[in-house]
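Please read these numbers as outputs of a predicted model, since none were measured by experiment. Each chain gets a letter, A, B and so on, in the order the sequences are listed, and its residues count up from 1. Just so you know, these numbers use all the heavy atoms, side chains as well, and skip hydrogens, waters and symmetry mates.
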2 protein chains.
Amino acid sequence: MRQTAITPVVLGLIGLGARSGYDIKSGVDNSARFFWAGSYGQIYPELRRLEAEGLIRGEDSPTGARGRRVYELTDAGRKWLVDWLAGPNTTIEYRDESLLRLFFADALPREDALGLLEVRRRGHKEYLEILRAIETRAGDDPDFMNLVLRWGIEFNEWGVEWCETHLRRLRRSKPA
Amino acid sequence: MRQTAITPVVLGLIGLGARSGYDIKSGVDNSARFFWAGSYGQIYPELRRLEAEGLIRGEDSPTGARGRRVYELTDAGRKWLVDWLAGPNTTIEYRDESLLRLFFADALPREDALGLLEVRRRGHKEYLEILRAIETRAGDDPDFMNLVLRWGIEFNEWGVEWCETHLRRLRRSKPA
DNA sequence: TAGTGCATGTAATGCGTTACATGATTTC
DNA sequence: GAAATCATGTAACGCATTACATGCACTA
């Protein structure tokens, strides 16, 4: 079965109870966007494809005059998902402009370079607030979904500390 | 000035002493690939474009019969780089298939789900070895380049510990 | 002399995002 | 009555990767 980046997301979220394409997009935006993105331009065509291949079953379920199509996993779909979960990890793509700036920071006066570390620290703090807000209203999510949210929170906490540690170290090693 | 993802990489690496397109590709692969990727298909067209726009200056410098063109920053190029360093951080894209699997791990029997955490832990360990090997031969790199390498190493160390901590916690909370 | 590293480049392909279009329903 | 949310979908665009093509130079 042909797959793209959105395939496991669609099947996984339907497996966790998402019903419409809109649900899936919300799930991505509210829970997964910090480690896996997805757009309508991927989701809707993928839903039609997966239904045609028999991995999901769709049914029209309008709300009044507003169209709505809901989906659930077929046995084949659930099997695909479980097989995928056992597969090898391949994709890890990380693109972090703040690290890229830090990488070239030797081109700046020292104080400006240290300023980049402060900016990075602030970025982690801001992200932390977003994730903590999500955590507050995620009480009854499945265990491992919560675990990944914890990862996001603890990673950003670590990131704040990392910036502070190295700021202290660099300020100590070469005072103005 | 129009820019893509490769623009600051090309200018930054030339600023750090890279001379040819091949040098830049090597720099990306050996030092930056864990947080910013780049391919020949981007680099060579970008070098021509940046030369045409006057941010770099190119000169033919063949080795025997083998063609080679080397570049250096112009004043305009250095200025662009410094301005970019001071700009706002925008891009942070993180795509981690291992986290995505963990996110959906509630679809698996508990022991298999914990197995995903073990796989993740191993992934961090392997990456750690690669980065430590780079660190060994990076003694005289510029300070902030080394700092980013440290980030990679310390992040993966943190990642190993994170997996171990939560494995312990989850094994304790629900013994078979 | 075989293998690795140096060196430049392009074409095709696939992919994902962005922006747009449209409209109903619920909530304040 | 306004604003937010629910809901579906496509077209254009830009971008990056992949694969391919080519060949010299150095080193073991």
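The residue A:Gly41 sits close to a base: some heavy atom pair falls under 4.0 Å. Across all strands, A:Ser20 comes closer than 4.0 Å only to sugar-phosphate atoms, never to a base (heavy-atom distances). B:Thr63 comes within contact range of the sugar-phosphate backbone alone, with a heavy-atom separation under 4.0 Å but no base atom that close.
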Identify each atom pair where a protein N or O and an N or O of nucleotides 1-5 of chain C are less than 3.5 Å apart, giving names and distance.
{"residue": "C:dG5", "atom": "N2", "partner": "B:Arg66", "partner atom": "NH1", "Å": "2.7"}

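Closest non-hydrogen pair, B:Ile14 versus B:Ile24, comes out as CG1-CD1, 3.9 Å.
Residues B:Thr4 and B:Gln42 have side chains that never bring a donor and an acceptor to within less than 3.5 angstrom of each other. With 3.5 Å as the limit, one finds a donor-acceptor pair spanning the side chains of A:Ser98 and A:Arg120.
When each of A:Ser39 and B:Arg68 is assigned the nucleotide of DNA chain C with its nearest heavy atom, B:Arg68 is the one assigned upstream, toward the 5' end.
In this structure, CH2 in B:Trp36 is found 7.5 Å from CD in B:Glu93, a value given to the nearest 0.5 Å. To the nearest 0.5 Å, atoms CG (A:Leu16) and CG (A:Leu11) are separated by 11.0 Å. In this structure, CH2 on A:Trp84 lies 8.5 Å from CD on A:Gln3, to the nearest 0.5 angstrom.
Near DNA chain D, meaning a heavy atom under 4.0 Å away, there are no residues from residues 53-62 of chain A.
Mapping heavy-atom proximity under 4.0 Å, the span of DNA chain D touched by chain B runs 5' to 3' from D:dC15 to D:dA25.
Side-chain N/O atoms of A:Gln42 include none lying less than 4.0 angstrom from OP1 or OP2 on C:dC15. Taking side-chain N and O atoms only, B:Arg48 has a distance below 4.0 Å to OP1 or OP2 of C:dT10.
Under 4.0 Å is where a charged nitrogen must lie from a carboxylate oxygen, and between B:Glu126 and B:Arg122 no such pair does.
For an aromatic pair to be called close, the ring centres must be under 6.0 Å apart, and A:Phe34 with A:Phe155 fails this. For A:Phe35 and B:Tyr94, the distance between ring centers is not under 6.0 angstrom.
Tested against B:His166, the residues B:Glu164, B:Arg169, B:Arg168 include a single side-chain hydrogen bond (donor to acceptor under 3.5 Å, both in side chains) partner, B:Arg169.
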